[in-house]
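All residue numbers in this chain count up from 1 along the given sequence. First listed ligand is number 1; within each ligand, the first listed atom is number 1.
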Amino acid sequence: MTLRTIESLGSLRGKRVIVRCDLNVPLDDGRITDDGRVRASLPTLSALLAEGARVVVVSHLGRPDGEPNPKYSLAPVAARLGELIGRPVAFATDTVGASATDAVAALADGEIVVLENLRFNAGETSKVDSERGAFAAQLAELGDALVSDGFGVVHRKQASVYDLAQILPSAAGLLIAAELDVLDRLTANPEAPYTVVLGGSKVSDKLGVIGHLLPRVNSLLIGGGMLFTFLAAQGHKVGSSLLEADQLDTVRGYLAEAERLGVKIVLPTDVVVASKFGADAEIAVTAADSIEETPFGVSGLGLDIGPDTAQAFAAIIRESKTVFWNGPMGVFELAPFAEGTRAVAAALTEVDGLSVVGGGDSAAAVRILGFNDDQFGHISTGGGASLEFLEGKRLPGLEVLGWA
Ligand SMILES: Nc1ncnc2c1ncn2[C@@H]1O[C@H](COP(=O)(O)OP(=O)(O)O)[C@@H](O)[C@H]1O
Ligand SMILES: O=C(OP(=O)(O)O)[C@H](O)COP(=O)(O)O
């Protein structure tokens, strides 16, 4: 079965349509550093407004743990959406309370409001079905229909993504449809050599994809925060770098499986080690098996792949016909640790074939480092979501919209 489309909801003029977007943008001191996810939400929102719907936008931002936290307010995002969409965007200071109820009641046809961060409410991410269901029921009071368009979050079984879609008449938005179009090309028949590049910091979330990818790819390049769990699994010391100690056996299993299948898991040979986490840290470039042998000893932190690794990764990427990349190679937000990510991004722009960048921070990284969207085959708004899609997993936020 394919996804239900917006048309399947019938005429939406005058209807209150909740649109579940993924407006989880990177912020620096309340300033949006990349508005790609806001821009990606525009086609669906504009289409609904043009049709005369009363649009109620809901989204999460960050991981505020079920409590209000001004650091994760969607207020700056609502303001940016107003600039991009070229019309007033109201903002409610809560998600299901009096502010939201009043703001939704005040909407005229063709008007739009953004509600405060869904994850300020514990019910949104609860693992207990009844708690999620109760929060979804409160959300449902605010709408007549749901358009689900937050591709970056379709792998999450959360109230606004999953439960709400079972209460209200629901359909997929234009962003989800466009994302699946491209990702289908990666799963259906990727042209070889097929290379997947993994990095970033959501290590335990994303390690699971490796087992599924191994039989499908020719090379798997590991950088970012993920690489230290691999180095540790090989018996190397990693100082104070990001490490998922409980995943070492899993990773050893992947390394053995890759060897059996003849797939290359390519690990860094050198690493940029910092004395502390900060742009003003002292830095040493060292071999990947000697991270604790810099002047910083065990307190050294690996924050980027080294220059030799960047060159080696770039060469493999350039020779590939299909490349999927999720997760920055280093802490690109700080200039001294951005070079690995820059080298990988530059190599992707030279791929003679299909190159796809996926993930909120990976997409932000390529734009912040000065690349243009049109230099890549596709920039996906979802990192974990696209990885799980490539894994062939059943994604709750798609299944509930009719995907099978
Ligand atoms: N070596 C590292 N140590 C700690 N954090 C890292 C490292 N390399 C990359 N990161 C961080 O990973 C984050 C992005 O990870 P993630 O959310 O998994 O990617 P995406 O949003 O693209 O899916 C960035 O904020 C970056 O600073
Ligand atoms: O940023 C996101 O995912 P991504 O980092 O995998 O691209 C989505 O907004 C999902 O956020 P979550 O991983 O906190 O559920």
Side-chain angles (χ1 to χ4, degrees), residues 20-28 33-34 36-38 40-41 59-65 72 74 77 117-119 124-125 150-158 160-162 179 197-207 209 222-231 238-244 268 271-274 276-279 281 288 291 300-306 309 324-341 344-345 356-368 379-389 395-397:
R20 198 332 176 172
C21 296
D22 179 358
L23 303 178
N24 183 22
V25 293
L27 290 170
D28 184 15
T33 54
D34 176 58
R37 280 181 167 157
V38 186
S41 72
S59 175
H60 70 287
L61 178 72
R63 294 177 171 175
D65 285 338
Y72 297 109
L74 277 169
V77 179
N117 194 339
L118 288 157
R119 291 186 184 170
E124 169 67 2
T125 53
F151 176 72
V153 80
V154 290
H155 58 316
R156 304 288 184 217
K157 193 175 182 181
Q158 297 182 347
S160 63
V161 180
Y162 180 75
E179 292 272 16
V197 190
L198 290 180
S201 58
K202 293 180 182 170
V203 181
S204 51
D205 264 17
K206 293 175 181 175
L207 270 177
V209 74
I222 307 285
M226 192 166 282
L227 75 92
F228 305 100
T229 306
F230 278 81
L231 293 179
V238 298
S240 302
S241 310
L242 194 63
L243 173 68
E244 301 272 346
V271 174
V272 179
V273 179
K276 60 173 185 175
F277 193 98
I291 289 177
L301 288 164
L303 295 184
D304 196 9
I305 57 172
T309 304
F324 177 80
W325 170 32
N326 168 251
M329 294 293 98
V331 180
F332 71 93
E333 297 93 334
L334 305 176
F337 313 110
E339 290 314 306
T341 302
V344 162
V356 179
V357 182
D361 285 302
S362 307
V366 300
R367 295 187 188 114
I368 290 166
I379 299 191
S380 170
T381 53
S386 47
L387 280 175
E388 291 198 19
F389 186 86
L395 305 183

Quick test: of every protein heavy atom, which one is nearest to [atom], and how far off is it to 0.1 Å?
atom	value
atom 14 (O) of ligand 2	Arg63 NE, 2.7 Å
atom 4 (P) of ligand 2	Lys202 NZ, 3.5 Å
atom 15 (O) of ligand 2	Arg156 NE, 2.6 Å
atom 26 (C) of ligand 1	Glu333 OE1, 3.6 Å
atom 6 (C) of ligand 1	Val331 CG2, 3.6 Å
atom 17 (O) of ligand 1	Asp361 OD2, 3.3 Å
atom 1 (N) of ligand 1	Gly302 O, 3.1 Å
atom 6 (O) of ligand 2	Gly384 N, 2.7 Å
atom 11 (O) of ligand 2	His60 NE2, 3.3 Å

Identify whether the distance between the nearest side-chain nitrogen and carboxylate oxygen of Glu124 and Arg20 falls below 4.0 Å.
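A salt bridge links Glu124 with Arg20.
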Cationic N near anionic O, under 4.0 Å, Arg156 to Asp205:
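The answer is yes: the pair qualifies as a salt bridge.
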Within ligand 1, which atoms have a heavy atom of [X] less than 4.0 Å away?
X	answer
Gly225	1 (N), 2 (C), 7 (C), 8 (N)
Lys206	16 (P), 18 (O), 19 (O), 20 (P), 23 (O)
Ser362	20 (P), 22 (O)
Gly360	21 (O), 22 (O)

Between [X] and [Y], what is the shortest heavy-atom contact and its length?
X	Y	answer
Ala40	Thr381	CB-CG2, 3.7 Å
Val273	Ile291	CG2-CG2, 4.2 Å
Ile379	Ala363	CG2-CB, 3.5 Å
Ala345	Val366	CB-CG1, 3.9 Å
Arg367	Asp34	NH1-OD2, 2.9 Å
Tyr162	Pro396	CD1-O, 3.5 Å

Run the numbers for me: atoms of ligand 2, each under 4.0 Å from some heavy atom of [X], listed by number.
X	answer
Gly152	8 (C), 10 (C)
Asn24	1 (O), 2 (C), 8 (C), 9 (O), 11 (O)
Lys206	6 (O)
Gly360	7 (O)
Gly359	7 (O)

Kindly confirm or rule out an N or O of Gly383 lying under 3.5 angstrom from an N or O of ligand 2.
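By distance alone, the answer is yes.
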So for ligand 2, is Asp22 a polar contact partner (N or O within less than 3.5 Å, distance only)?
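N/O-N/O distance below 3.5 Å exists for this pair.
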For ligand 1, indicate whether the residue Asn326 contacts it via side chain, backbone, both or neither (heavy-atom separation under 4.0 Å).
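The side chain, only.
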Using a 4.0 Å heavy-atom cut-off, which part of Phe228 comes near ligand 1: side chain, backbone, both, or neither?
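The answer is the side chain.
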Decide whether the shortest distance between a heavy atom of [X] and an atom of ligand 2 is less than 4.0 Å.
X	answer
Arg119	yes
Asp361	no
Arg37	yes

Taking the side chain from [X] and the backbone from [Y], do they hold a donor-acceptor pair closer than 3.5 Å?
X	Y	value
Asn117	Leu61	yes
Asp304	Val272	no
Arg119	Pro64	no

Set out, in order, the CA-CA distance, both residues' side-chain angles and the distance that settles side-chain contact (heavy atoms from CB on, under 4.5 Å) for Val209 and Asn326, then state yes or no.
CA-CA 11 Å; Val209 74; Asn326 168 251; over 6 Å; no
What I'd like to find out is whether the side chain of His60 reaches to under 4.5 Å of the side chain of Val153, using heavy atoms alone.
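With C-beta onward as the side chain, the pair touches.
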Between the side chains of Glu179 and Ser386, does any donor sit under 3.5 Å from an acceptor?
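Side-chain D/A pair, Glu179 to Ser386: absent.
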Show the numbers, then the answer: is there a side-chain contact (heavy atoms from CB on, under 4.5 Å) between Thr341 and Trp325?
CA-CA 11 Å; Thr341 302; Trp325 170 32; 3.8 Å; yes
Can you tell which of Ser201, Gly223, Pro26, Gly199 gets a heavy atom nearest to atom 15 (O) of ligand 1?
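Considering heavy atoms of Ser201, Gly223, Pro26, Gly199, the nearest to atom 15 (O) of ligand 1 sits in Ser201.
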Polar-atom distance check: Asp304 versus ligand 1, any N or O pair below 3.5 Å?
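No, Asp304 has no N/O under 3.5 Å of an N/O on ligand 1.
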Going from CG on Asn24 to CG on Leu118, what distance comes out if it is rounded to the nearest 0.5 angstrom?
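Answer rounded to 0.5 Å: 11.0 Å.
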Heavy-atom gap Met226 to ligand 1 smaller than 4.0 Å:
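In this structure, Met226 fails to qualify as a contact of ligand 1 - no heavy atom is under 4.0 Å.
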